Protein chains: 2
Amino acid sequence: MNTEIEKLKQARDEFVAQWGALGTQWGINRTMAQIHALLMTAPESLTTDEVMEELEISRGNAHSNIKELVAWGLIRSVVKKGERREFFEAEKDVWQIFTIVARERKRREIDPALAILNRCAEESEGIATPEGKAFHAQMRSLEDFVSFASKMSDRISLMKHGFALQMAAKLLG
Amino acid sequence: MNTEIEKLKQARDEFVAQWGALGTQWGINRTMAQIHALLMTAPESLTTDEVMEELEISRGNAHSNIKELVAWGLIRSVVKKGERREFFEAEKDVWQIFTIVARERKRREIDPALAILNRCAEESEGIATPEGKAFHAQMRSLEDFVSFASKMSDRISLMKHGFALQMAAKLLG
DNA sequence: CTGATTTTTCAGTATTTACTGAAAACCGTG
DNA sequence: CACGGTTTTCAGTAAATACTGAAAAATCAG
């Protein structure tokens, strides 16, 4: 039945478009999120040209965002025998996706924050005025908390999906 | 000793500047992050004019970012008797800050994602082709995972700081 | 080595987001 | 209800970010 194929195409197009819009909120650019959505729901791996055509974007744009997704580890290139072009496919396992995103966010958001907090804490160490003590204490408590959250995130990412789930179930129960 | 006061000012200025730069990564605008940093490390609550002067920004800019921070719940206005102007002070408790940020991120990032995933899953329900089944399954597994993560986040935010810490300690131990 | 195909780069441009400054609205006081 | 201080709005502008398209570089088969 042809309508089924159309319904699927429609649902998928919507997913790609909306996921792209969401990407903006997440601090990821729209195109990158769209390509990710497209590849996550592609039955077969795609070439750069196919991505360009599907999303109606330029070669340069497709290229740089594909590279970025590869750098994140959210997609990978696959070689097909007898094919000179590169094909790309997405990581589809949700737990994998989660750990990749968590790792990247940690690198870009948590680690730099820790560096700043630590430096400001050091610089204000031993200042004897009440303001100095308060500032130092504030830096340390922020640092402690962020460092702690960072370690938690690492731990969880290293777990196997099943184990994390089981543990969380206990927490939610 | 005057150098101590200077050292503190220097450390604090650095914190404000760097925290602002970090804000960009977090998808928060620089000024908003700077005002937050400034107020988090202010011994006393500040007026809009003081914020403007300290960060060398316009009134409009100060105003709108202060309002945004109030909307998040990261700062609040305080009234001083005999003063007509509004003063602002930041929430300083790290656990509070964490839960506020978690709540806001959930609202802006998680909830819309869930809505999309759920809709696309519904729309592709019952399509009999292999591609249709695969798409539907992918939507559902993403939805399940995100919904689960969302519930976890709620649970943790509702905990008292001490309890969350204790639980996490067990996890890290 | 040559020529065809594919990937990469990047200057120029478009779009989005943030900021300024001044005018308008608001608000308490006399 | 008029006045001075204070907050809010917003049109215009500046800055940051993303995208295009074409040229250059790389890759590979013959």
Side-chain angles (χ1 to χ4, degrees), chain A residues 16-39 45-72 75-89 104 108-109, chain B residues 16-39 45-72 75-89 104 108-109:
Chain A
V16 170
Q18 301 276 37
W19 202 251
L22 251 189
T24 319
Q25 307 297 94
W26 286 66
I28 285 165
N29 85 45
R30 203 178 73 251
T31 306
M32 183 170 156
Q34 281 179 325
I35 296 176
H36 184 226
L38 185 70
L39 287 172
S45 55
L46 303 181
T47 62
T48 301
D49 285 273
E50 287 168 321
V51 170
M52 284 166 62
E53 184 168 358
E54 191 72 42
L55 302 179
E56 302 183 34
I57 58 177
S58 73
R59 180 172 305 283
N61 194 12
H63 175 77
S64 58
N65 283 295
I66 285 172
K67 278 287 122 100
E68 187 74 9
L69 283 164
V70 170
W72 279 53
I75 70 176
R76 57 185 150 266
S77 89
V78 293
V79 282
K80 291 202 179 181
K81 42 188 172 187
E83 275 285 6
R84 219 167 125 181
R85 307 170 288 178
E86 275 191 297
F87 287 73
F88 300 94
E89 70 177 16
E104 194 65 20
R108 306 201 309 172
E109 300 177 356
Chain B
V16 169
Q18 301 276 39
W19 203 250
L22 252 190
T24 319
Q25 306 298 93
W26 286 66
I28 284 167
N29 85 44
R30 204 178 74 252
T31 306
M32 186 170 153
Q34 282 180 322
I35 296 175
H36 184 225
L38 185 70
L39 286 173
S45 56
L46 303 180
T47 62
T48 301
D49 282 6
E50 285 167 324
V51 170
M52 285 167 62
E53 184 168 358
E54 192 72 41
L55 303 179
E56 302 182 34
I57 58 176
S58 72
R59 181 172 306 283
N61 194 13
H63 176 76
S64 58
N65 284 293
I66 285 173
K67 278 289 120 101
E68 188 73 8
L69 283 165
V70 170
W72 278 55
I75 69 176
R76 57 186 149 265
S77 88
V78 294
V79 283
K80 291 201 180 184
K81 43 188 171 186
E83 275 285 3
R84 232 169 114 176
R85 306 170 289 177
E86 274 191 297
F87 287 73
F88 299 94
E89 69 178 15
E104 194 66 18
R108 305 201 308 173
E109 300 177 358

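Please read all numbers here as calculations on a predicted model, not as lab measurements. Letters A, B, ... mirror the listed sequences (proteins, then strands); counts begin at 1.
Atom-to-atom distance recorded for B:N65:CG and B:T31:OG1 is 5.0 Å, nearest 0.5 angstrom. Taken from NE2 in A:H63 to CD in A:E68, the straight-line distance is 11.0 Å, to the nearest 0.5 Å.
Closest of all the heavy-atom pairs between B:I66 and B:I75 is O-CD1, 3.7 Å. Shortest non-hydrogen contact noted between B:V51 and B:A62 is CG1-CB, 4.5 Å. When all heavy atoms of B:L55 and B:Q34 are compared, the closest pair comes out as CD1-CB, 4.0 Å. B:V78 and B:F88 get closest at one heavy-atom pair: CG2-N, 4.5 Å. Closest of all the heavy-atom pairs between B:A33 and B:G20 is CB-CA, 3.8 Å.
Contacts between residues 58-69 of chain A and DNA chain C, defined by a heavy-atom separation under 4.0 Å, are made by A:R59, A:G60, A:H63, A:K67. Near DNA chain C, defined here as any heavy-atom distance below 4.0 Å, the residues from residues 23-35 of chain B are B:N29, B:T31, listed numerically.
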Protein-nucleotides 27-30 of chain D N/O pairs under 3.5 Å:
{"residue": "D:dT27", "atom": "O2", "partner": "A:R84", "partner atom": "NH2", "Å": "2.5"}

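Shown here are the side-chain hydrogen bond (donor to acceptor under 3.5 Å, both in side chains) partners of B:T47, two or more places apart in sequence or in another chain: B:E50. The side-chain hydrogen bond (donor to acceptor under 3.5 Å, both in side chains) search around A:R85 returns A:E83, not counting sequence neighbours. Looking at residues two or more places apart in sequence or on another chain, you find no side-chain contact (heavy atoms from CB on, under 4.5 Å) involving A:S64. Under the side-chain contact (heavy atoms from CB on, under 4.5 Å) criterion, A:R84 pairs with no residue at all, not counting sequence neighbours. Annotation: side-chain hydrogen bond (donor to acceptor under 3.5 Å, both in side chains) contacts of B:E86 (sequence neighbours excluded): B:S77. Contacts of A:V79 classified as side-chain contact (heavy atoms from CB on, under 4.5 Å), with partners at least two apart in sequence or in another chain: none. Under the side-chain hydrogen bond (donor to acceptor under 3.5 Å, both in side chains) criterion, A:Q25 pairs with no residue at all, not counting sequence neighbours.
Position along DNA chain D of the nearest nucleotide to B:E83 versus A:I57 favours B:E83 as the more 5'-ward residue.
Think of the region where chain A sits on DNA chain C: with heavy atoms and a 4.0 Å cut, that region ends 5' and 3' at C:dA4 to C:dT17.
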B:I28/B:W72 under side chain to side chain contact (heavy atoms under 4.5 Å, CB included): CA gap, chis, key distance, verdict: CA-CA 12 Å; B:I28 284 167; B:W72 278 55; 4.2 Å; yes
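Comparing the helix axis at one end of the helix from C:dC1-D:dG30 to C:dG30-D:dC1 with that at the other, each defined from 5 consecutive pairs, gives an inter-axis angle of 20° (nearest 10°).
Between the C1' atom of D:dT7 and the CG atom of B:D49 lies a distance of 10 Å, rounded to the nearest Å.
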